[in-house]
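Values below: all heavy atoms of this structure, side chains included; hydrogens, waters and symmetry mates excluded.
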Amino acid sequence: MSVKIEWKIFTAETQSDGTWKSNSPSLAELLNVIASPAKIKSPVQDLEYSMAQLAVKGLPYFKITEVTSESARLSGTETGPIQA
């Protein structure tokens with residue numbers, strides 16, 4: 001699964017290894033601190049979505065804009081943008 005968050009010109013996306021990538025290295029570094037797998041306190045079904053929820057909670061101007069599931073990627077169909 002991959003989850004994108006964005007605010008204005010800043011975007012970030014979860015990676016399957018539990019890290020973030022972003023168009024801003026500083027934002028990626030911040031997200032890797034505040035919304036890493038280590039910050040999730042209980043077992044979850046979807047780690048990357050939980051990371052994105054933590055990120056949006058910690059950075060309230062951001063919103064989740066896209067969720068792409070691994071099973072959808074394998075079948076060639078991906079979910080589109082989230083309507084906010």
Side-chain angles (χ1 to χ4, degrees):
M1 168 171 274
S2 172
V3 182
K4 277 188 183 174
I5 63 173
E6 64 182 55
W7 175 64
K8 296 191 178 188
I9 64 167
F10 300 104
T11 62
E13 186 173 351
T14 59
Q15 302 295 288
S16 60
D17 66 357
T19 62
W20 288 87
K21 76 173 183 178
S22 175
N23 64 339
S24 164
S26 296
L27 176 58
E29 186 176 337
L30 175 63
L31 287 168
N32 284 318
V33 171
I34 68 168
S36 68
K39 298 291 182 178
I40 298 172
K41 295 180 173 41
S42 60
V44 293
Q45 185 174 9
D46 189 327
L47 180 63
E48 291 182 50
Y49 191 74
S50 296
M51 288 169 53
Q53 289 178 313
L54 269 179
V56 186
K57 187 176 181 181
L59 302 169
Y61 292 108
F62 282 78
K63 64 181 178 180
I64 296 173
T65 59
E66 187 175 327
V67 178
T68 307
S69 73
E70 186 65 31
S71 59
R73 269 191 236 155
L74 293 174
S75 70
T77 60
E78 296 186 1
T79 60
I82 302 291
Q83 298 299 319

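For the atom pair CG (Leu47) and CE (Met1), the distance works out to 10.5 Å, reported to the nearest 0.5 Å. One finds the OG1 atom of Thr11 at 9.0 Å from the NZ atom of Lys21 (value rounded to the nearest 0.5 Å). Within the model, atoms OG1 of Thr19 and CG of Asn32 stand 5.5 Å from one another, a figure rounded to the nearest 0.5 Å. Here Lys39 contributes atom NZ and Leu54 contributes atom CG; the two are 9.0 Å apart, rounded to the nearest 0.5 Å. Rounded to the nearest 0.5 Å, atoms OG1 (Thr14) and NZ (Lys4) are 10.5 Å apart. For the atom pair CD (Glu66) and CD (Glu13), the distance works out to 7.0 Å, reported to the nearest 0.5 Å.
Between Leu31 and Leu59 the shortest side-chain heavy-atom distance falls below 4.5 Å. Looking only at side-chain heavy atoms (C-beta outward), Leu27 and Trp20 stay at 4.5 Å or farther from each other.
The two residues Tyr61 and Trp7 come nearest to each other via the heavy atoms O-CD1, 3.1 Å. When every heavy atom of Pro37 is checked against every heavy atom of Gly18, the shortest pair comes out as CD-O, 3.1 Å.
Other residues, nucleotides and ligands place more than 12 heavy atoms under 6.0 Å from the CD atom of Gln15.
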| said: Please evaluate residues Ile64 and Tyr49 with respect to the criterion side-chain contact (heavy atoms from CB on, under 4.5 Å), reporting the C-alpha separation (whole Å), side-chain torsions for both, the decisive distance (0.1 Å), and the verdict. | reply: CA-CA 9 Å; Ile64 296 173; Tyr49 191 74; 3.9 Å; yes

